[in-house]
Amino acid sequence: MRHLIKDKEHLFRMAALFVAGIFMFVILRAVMVPKGFGTLGHYRPGALEDNAKKTPVFAGKPACLECHTDMVEKQKGSKHAAINCEACHGAQGVHATDPEKKPIRPDPKAVCLVCHTANVAKPKGFPQIDPKTHMEGGPCNECHAPHHPEKGPEKPAVQEAKK
Amino acid sequence: MSEAKVDRRDFLSSGGRFLLLTSAAAAAYEHVLAGAPEKAPNYKTTEHWWAMTIDIDRCIGCGNCVRACKTENDVPIESSFFRTWVERYHVEGTEMERPEVDSPNGGYDGFREKYKAGEGSKDFFVPKLCNHCAHSPCVQVCPVGATFVSPDGVVMVDKAYCLGCRYCVLACPYGCRFIDPRTETVDKCSLCYHRITKGLTTACCETCPTGARKLGDLKNPNDPIHEFLKNHKVHVLKPQMATGAKVFYHALDGSVR
């Protein structure tokens, strides 16, 4: 015991060092661990809000139908009725919040081919056409109304051709 | 010189008490700093458990989902960054082990005809995305807790906290993660968290014309996903990895990796 007490000087120094170390640890930890970390799990709960705060770019079909109420009637009975508007019209979140910003109309030929161009990997039951040979490759909306393709467009002559 | 009052036992016990108290004080201080956790209105994370169903028999490979995802989530347009992408499989006869797979620009521009019908082969599209695993390997390897499973079952990235160490990119068995070159942090499908918390579906499901992919809430008893899972034989990718994947594929071929 004697020699231990004689050398107590260095013990105090070491203890001081320990205390300083622990103090530093506590401070650094408080500064570096993000707010609320661990309250929900091993993560920062604020990340949930970070991920949720972005504004949607696609408005969703219900939003479109709020204003374009005639569309339900127009598409009635069509196989296209189940397709959401923005599948063809692209993201219209901006237009839906500010109708002044008019969307560009989709090119009625290019847009159809995105889905209907024949491909062996497509499910066999899906209606597919070869754009080069199907009706001499005319503009699709001459014979198919985009919103109701089974029905011809307004032009009666084409309706005849369809029969 | 007087006899010392402190023996080893005393020293250890008081030292131990000191350590215990400081750590308790640190924990308490942390709570003071944290304040009350903020809450989103009307959306309760504990009331949802998100999943997705993908019907291979309906996917036409139009690429709407890939384009919509990039638009919605501001994903870099270059052809190596995808949160979702579509693969085309070409399996000849019994060559289950060696399918021919391609995904030109992730399916962003659609698929040009490459194979001919009637060659005794099988062709189909497989859309892929983060499987939002309940026991995700990517979450387990993150050294800082910057990726995690949210209470509503979405595997999420905390971009403000990610170091960009790439452990999770390597750990994901499905190849669903990439490093965003603009921020040098990891990026992946967030299941459009900013949409699903507002009552919308994901951008990919919104623009899918055939209903091949559908978002579902497993905690909502009225969600059509329950009907789908009841009436279809489904499969997840790499079930042997026991990741608890929550993207359920119907009509998935055995050749799909």
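Letters A, B, ... mirror the listed sequences (proteins, then strands); counts begin at 1.
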Working for salt bridge (Lys or Arg N to Asp or Glu O under 4.0 Å), residues A:Lys61 and A:Glu86: CA-CA 7 Å; A:Lys61 189 169 187 172; A:Glu86 284 158 311; over 6 Å; no

Residue pair B:Lys159, B:Asp187: steps toward the salt bridge (Lys or Arg N to Asp or Glu O under 4.0 Å) verdict: CA-CA 8 Å; B:Lys159 283 206 153 196; B:Asp187 198 59; 3.1 Å; yes

Among [options], which residue forms the greatest number of heavy-atom pairs with chain A at distances under 4.5 Å?
options                               : answer
B:Lys198, B:Glu113, B:Arg112, B:His90 : B:Glu113
B:Cys62, B:Gly61, B:Ala203            : B:Cys62
B:Ile56, B:Thr210, B:Asp158, B:Val157 : B:Asp158

Examine whether an atom of [X] lies under 4.5 Å from a heavy atom of chain A, and if so say whether it belongs to the side chain, the backbone or both; otherwise answer neither.
X        : answer
B:Val139 : neither
B:Leu200 : side chain
B:Phe111 : both
B:Ala68  : both
B:Thr71  : both
B:Cys205 : backbone
B:Lys122 : neither
B:Cys59  : backbone
B:Thr201 : neither

What are the two closest non-hydrogen atoms of B:Cys69 and B:Val75, and how far apart are they? O-CG2, 4.1 Å

Give the minimum heavy-atom separation between B:Asp57 and B:His250, together with the two atoms involved.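 Distance-wise, the nearest heavy atoms are OD2-NE2, 4.3 Å.
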
I would like to know whether B:Glu72 and B:Arg195 meet salt bridge (Lys or Arg N to Asp or Glu O under 4.0 Å); could you show each step before the answer? CA-CA 10 Å; B:Glu72 179 73 46; B:Arg195 296 177 61 85; 3.0 Å; yes

Audit row: B:Asp55, B:Arg213, salt bridge (Lys or Arg N to Asp or Glu O under 4.0 Å) steps and yes/no: CA-CA 6 Å; B:Asp55 191 344; B:Arg213 48 199 299 164; over 6 Å; no

Can you tell me if CE on A:Met71 sees more than 12 non-hydrogen neighbours from other groups inside 6.0 Å? yes

Proximity breakdown for [X] and chain B, heavy-atom pairs closer than 4.5 Å:
X        : result
A:Phe126 : side chain
A:Ala118 : backbone
A:Thr55  : backbone

Pairing donors with acceptors under 3.5 angstrom, does anything connect the side chains of B:Thr207 and B:Arg67?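 The criterion, which ignores hydrogens and geometry beyond distance, is not satisfied for B:Arg67 and B:Thr207.
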
Answer yes if the side chains of B:Asp152 and B:Tyr193 hold a donor-acceptor pair under 3.5 Å, and no otherwise. yes

Parallel under 30°, tilted from 30 to 60°, perpendicular over 60°: which one fits the rings of A:His144 and A:His134?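 Because their plane-to-plane angle is under 30°, the rings of A:His144 and A:His134 count as parallel.
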
